[in-house]
Amino acid sequence: MDRYTFIENFNNQERPFKTYLCFKVERLDGDTAIPLDEYKRFVRSKGPDQPQGPHHAEFYFLEQIRSRNLDQNQHYRLTCFISWSPCYSCAHNLTTFLKENPHISLRIFASRLYTNNRFGWYQRGLRELQAAGAQITIMTSQDFEHCWETFVDHRGSPFQPWEGLEAKSQELRENLQAILRTQQN
DNA sequence: ATTTTCAAT
């Protein structure tokens, strides 16, 4: 991913009409996580005017992972850095995927909380995803930096935090915590 | 909430 795309899409104070999802895969061997760098990649959402669209970014992520046919006799950890947190439908699809693949665990680091629905079901989707074993958190400056170092063609330039990154991250973190600790009914 | 949130003008 080029530097401009990262900054435009992961800035937690912007609200772009698209979503980028960077993911990496590790094989877990006891307490050791072995990176499988050949699986490292990023996907983005596509509109109806684009081939294979329209789908949210998570659709292409699951498509990529499924095509890998990860060995069911091994244990893997998927790590996602996503610019918008999953909508209800995507959260549900990820939940189903985790239930069908007990040898795979998932961590999601979201830059922003996606709350654009009328009924507030996005909250339920995130809770169900967490209940299925996924770890869901808001990206901190360390996470942005890690994503920059890992997925961005930074050409040697260090990650430059934008104004207000920490405050926004903190605010979103509190929002997410309130969502995830709410009792499901 | 009255919001330009994985668009559509």
Side-chain angles (χ1 to χ4, degrees), chain A residues 1-25 39-68 78-98 106-130 132 134-141 143-144 146-148 150-153 161-180 182:
Chain A
M1 179 184 303
D2 65 66
R3 294 176 288 193
Y4 180 81
T5 300
F6 177 82
I7 294 298
E8 284 296 299
N9 286 280
F10 279 87
N11 186 316
N12 59 8
Q13 295 175 113
E14 298 294 327
R15 35 176 58 180
F17 290 98
K18 55 192 171 183
T19 299
Y20 277 78
L21 187 161
C22 305
F23 66 92
K24 63 178 182 178
V25 182
Y39 295 168
K40 187 179 69 173
R41 191 165 293 200
F42 71 89
V43 294
R44 57 152 296 179
S45 59
K46 290 181 180 176
D49 55 328
Q50 292 160 298
Q52 304 167 326
H55 289 292
H56 282 183
E58 294 89 335
F59 173 88
Y60 302 103
F61 165 65
L62 282 175
E63 191 177 59
Q64 293 268 330
I65 296 302
R66 286 202 170 100
S67 73
R68 300 297 185 183
L78 312 180
T79 305
C80 292
F81 298 92
I82 188 167
S83 58
W84 283 114
S85 62
C87 71
Y88 176 77
S89 176
C90 289
H92 181 72
N93 289 339
L94 291 167
T95 299
T96 301
F97 174 80
L98 289 179
L106 175 66
R107 300 190 296 176
I108 296 176
F109 296 85
S111 174
R112 298 172 299 260
L113 281 175
Y114 182 76
T115 60
N116 183 27
N117 64 59
R118 286 158 59 197
F119 306 103
W121 284 2
Y122 75 100
Q123 300 158 325
R124 176 178 293 264
L126 295 177
R127 285 195 288 264
E128 288 177 354
L129 187 51
Q130 178 182 248
Q135 174 191 321
I136 311 169
T137 58
I138 296 296
M139 288 175 75
T140 64
S141 58
D143 299 324
F144 286 114
H146 176 77
C147 196
W148 174 271
T150 306
F151 295 97
V152 177
D153 178 20
W162 48 85
E163 191 71 26
L165 182 157
E166 286 289 358
K168 190 65 182 179
S169 176
Q170 176 69 31
E171 174 191 332
L172 292 171
R173 197 151 54 244
E174 289 168 5
N175 292 346
L176 178 61
Q177 283 168 359
I179 291 167
L180 294 180
T182 299

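Letters A, B, ... are given to chains in the order of the sequence lines, protein chains preceding strands, and every chain is numbered from 1. Predicted, not measured: the structure shown is a model, and the values here were computed from it.
Between A/Glu63 and A/Arg66 no salt bridge is recorded (no basic side-chain N to carboxylate O distance below 4.0 Å).
In this structure, A/Tyr122 places its OH atom 16 Å from C1' of B/dC6, rounding to the nearest Å. The distance between atom OH of A/Tyr114 and atom C1' of B/dT4, rounded to the nearest whole Å, is 12 Å. Rounded to a whole Å, the CD atom of A/Glu14 is 17 Å from the P atom of B/dA7. Nucleotide B/dA7 holds its C1' atom 10 Å from the NE2 atom of A/His56, rounded to whole Å. Distance A/Asn11 CG to B/dC6 P: 16 Å, rounded to the nearest Å. Nucleotide B/dT3 holds its C1' atom 13 Å from the CD atom of A/Glu171, rounded to whole Å. Following rounding to the nearest Å, A/Phe17 (CZ) and B/dT3 (P) show an atom-to-atom distance of 12 Å. In this structure, A/Phe42 atom CZ and B/dC6 atom P are separated by 19 Å, rounded to whole Å.
Applying ring pair (Phe, Tyr, Trp, His ring centres under 6.0 Å) to A/Phe23 and the options A/Tyr60, A/Phe42, A/Phe61 leaves one that passes, A/Phe61. The only member of A/Leu113, A/Ile138, A/Leu165 that meets side chain to side chain contact (heavy atoms under 4.5 Å, CB included) when paired with A/Asn12 is A/Leu165.
The aromatic ring of A/Trp84 sits over the base of B/dT5, with ring centres less than 5.5 Å apart and planes tilted by under 30°.
If you check every strand for non-hydrogen atoms under 4.0 Å, A/Pro54 touches nothing. As judged by a 4.0 angstrom heavy-atom cut-off over every strand, A/Leu113 is placed among the base-contacting residues. A/Ser111 comes within 4.0 angstrom of nothing in the nucleic acid, heavy atoms only. Note on A/Cys90: nothing from the nucleic acid sits closer than 4.0 angstrom, heavy atoms only.
The aromatic ring centres of A/Phe10 and A/Trp84 sit 6.0 Å or more apart. Taking the six-membered ring for Trp and the full ring otherwise, the centers of A/His146 and A/Phe81 sit less than 6.0 Å from each other.
Rounded to a whole angstrom, the distance from the C1' atom of B/dA1 to that of B/dC6 is 23 Å. Taking the C1' atom of each, B/dT4 and B/dT9 are spaced 12 Å apart, rounded to whole Å.
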